[in-house]
2 protein chains.
Amino acid sequence: MISAGYQKLAEFARRLGGLTTGDAATFAGAFREMKVKKRQFIIQPTFPANHRNYVVSGALRAYVVGEEGSEHTISFAVEDWWITDYNSYIYQQPATMFVVALEDSVVLQIDYEHEQILKQTNHRFESLFRQMAERGLAFQQRRLIANLTLSAEERYDHFLQHYPQIARRVPQYALASYLGMTTEFLSKIRNNKVRKKS
Amino acid sequence: MISAGYQKLAEFARRLGGLTTGDAATFAGAFREMKVKKRQFIIQPTFPANHRNYVVSGALRAYVVGEEGSEHTISFAVEDWWITDYNSYIYQQPATMFVVALEDSVVLQIDYEHEQILKQTNHRFESLFRQMAERGLAFQQRRLIANLTLSAEERYDHFLQHYPQIARRVPQYALASYLGMTTEFLSKIRNNKVRKKS
DNA sequence: TTGTTCCGATGAACCAGATTAAGAAAAACG
DNA sequence: CGTTTTTCTTAATCTGGTTCATCGGAACAA
């Protein structure tokens, strides 16, 4: 009996990559399951990020720490999302991010070498990874636009609109640092304590 | 006699994708050359971005226009770089960006359908596009970190360090809006008119 | 159960960077 | 060329968001 996690991942591969059931199973089979406790790290600076992680359940957060010690959230991942220090993973260089579990979670990990083999053995796997990267890139670009274009309050509203589940689920300090503002200010926005125009 | 532009693109494909000389020529052959005059647009909102553009010479700029009419530069592209409205291109939806030439330029364009055919016909082409997307994603992530982590002045210094040629080449208003600040403030930074700490 | 540590709320003082307005310099153009 | 348009500079003023400091509650450990 295959775990529910592997089935979710296989379904993901079938949906996005158009893989056959057999190929999807092969794909998922290259991953190994890992349980992560709340507050446990799966990626830390200095060490290279050796895995790409598919989230089966729970929630994780990637962040960097600035000069003065302030944390800046780079990404969240909940069920059916992916997370890693992408820059570290693809270039196989030391990570600059932390990736930590916000809740007890289950992830499926593939390591760099296995991923290379997968991509070489089947054109469709290669295509799947390409699509994941392209979607990630498009996502990042949309986020960048939001950051450049919107005010703090608008960024929060925008996030709420697009990811209401996540906004409710992650701690406020994590969301604030994702949106590029302080916890205090997000608190004020949430409680409507910000002077509005007119 | 093949134009110098096609040779540059073929060289790019050989270098990044590890293509044979023959494959690289096939790859480059799927593109068509286009001359773009300064101030000419190659992508505009409403129309879908039908092409991925490789810059042979010149410089281009992608930007969005916010509510109130302010421009925000999303990316620059000079020789040997790529540019398009990625979100529009991969999902084949109406563009939200403008892409305009900052100088008279020459670009090589491939349209969406031709790209799909390329990817299907040769695993190595698929792999090349995957790598381009991955690098783009890693690049975006580094930029996001810089935006979240650094002050306006630090962002400028950081950019200068990494892309001194571009900083000198593009108009100041374009650079300022790329770095997420006003032209006026960038002017102050450049002329050391910003109050420094101690 | 009682510390202890973490997390969010609130308010006052402060500041990095925006806005506004005007002119100077440089580039485009006929 | 000279003229027109675009780009850059400077300075005064203003503001969205930060910083700092304090408090209350919830989660957590022992």
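By convention in this document, chain letters (A, B, ...) are assigned in the order of the sequence lines, proteins followed by strands, and residues within each chain are numbered from 1.
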Between the protein and nucleotides 18-27 of chain C, which nitrogen or oxygen pairs are less than 3.5 angstrom apart?
| unit_1 | atom_1 | unit_2 | atom_2 | d |
| --- | --- | --- | --- | --- |
| C:dA18 | OP2 | B:Thr182 | N | 3.3 |
| C:dA18 | OP2 | B:Thr182 | OG1 | 3.2 |

Query raised in the report: When rounded to the nearest 0.5 angstrom, what distance separates OG1 in A:Thr26 from CG in A:Leu19?
Result: 9.0 Å
Query raised in the report: Given atom CD1 of A:Ile189 and atom C1' of D:dG16, what is their separation to the nearest angstrom?
Result: 10 Å
Report summary line: Residue set satisfying ring pair (Phe, Tyr, Trp, His ring centres under 6.0 Å) with A:Tyr156, at least two apart, ordered chain then number -> none
Query - Inter-end axis angle, the helix from C:dT1-D:dA30 to C:dG30-D:dC1, with every axis fitted to five base pairs (rounded, 10 degrees) - result: 60°
Query raised in the report: Residues two or more places apart in sequence or in another chain: which of them pass salt bridge (charged side-chain N to carboxylate O under 4.0 Å, His left out) with A:Arg15?
Result: A:Glu11, A:Asp80
Query raised in the report: Is any side-chain N of the basic residue among B:Arg130 and A:Glu115 closer than 4.0 Å to the acidic one's carboxylate O?
Result: no
Query - Gap between atoms OH and P, on A:Tyr173 and C:dC6 respectively (whole Å) - result: 10 Å
Query raised in the report: CD of A:Glu68 versus C1' of D:dT19: gap in Å, rounded?
Result: 13 Å
Requested in this report: Would you name the heavy atoms of B:Met132 and B:Leu16 that are closest together and state the gap between them?
Outcome: CG-CD2, 3.9 Å
Query raised in the report: Over how many whole Å does the gap from A:Glu153 atom CD to D:dG16 atom P extend?
Result: 11 Å
Requested in this report: For A:Leu102 and D:dA27, give me the distance from atom CG to atom P, rounded to whole Å.
Outcome: 16 Å
Report task. Taking all heavy atoms of B:Tyr178 and all of B:Arg143, pick out the closest pair and write down the distance. Result -> O-NH2, 2.9 Å
Query raised in the report: For B:Glu79, what residues pass the side chain to side chain donor-acceptor pair (under 3.5 Å) criterion, not counting sequence neighbours?
Result: B:Arg169
Query raised in the report: Of all residues at least two apart in sequence or in a different chain, which pass the side-chain contact (heavy atoms from CB on, under 4.5 Å) check with A:Ala138?
Result: A:Arg142, B:Asn87, B:Ile90, B:Tyr91
Query raised in the report: Under a 4.0 Å N-O cut-off, is there an ion pair linking A:Arg61 with A:Glu71?
Result: yes
Query raised in the report: What's the CG-C1' distance between B:Leu148 and D:dT18, to the nearest Å?
Result: 15 Å
Query raised in the report: Roughly how many Å is it from CZ in A:Arg155 to C1' in D:dG17, rounded to a whole number?
Result: 10 Å
Query raised in the report: Just how far, in rounded Å, is P of D:dG17 from CG of A:Leu179?
Result: 12 Å
**Report entry** Under-4.0 Å side-chain N/O to phosphate OP1/OP2 contact, B:Gln172 with D:dT6
**Finding:** no
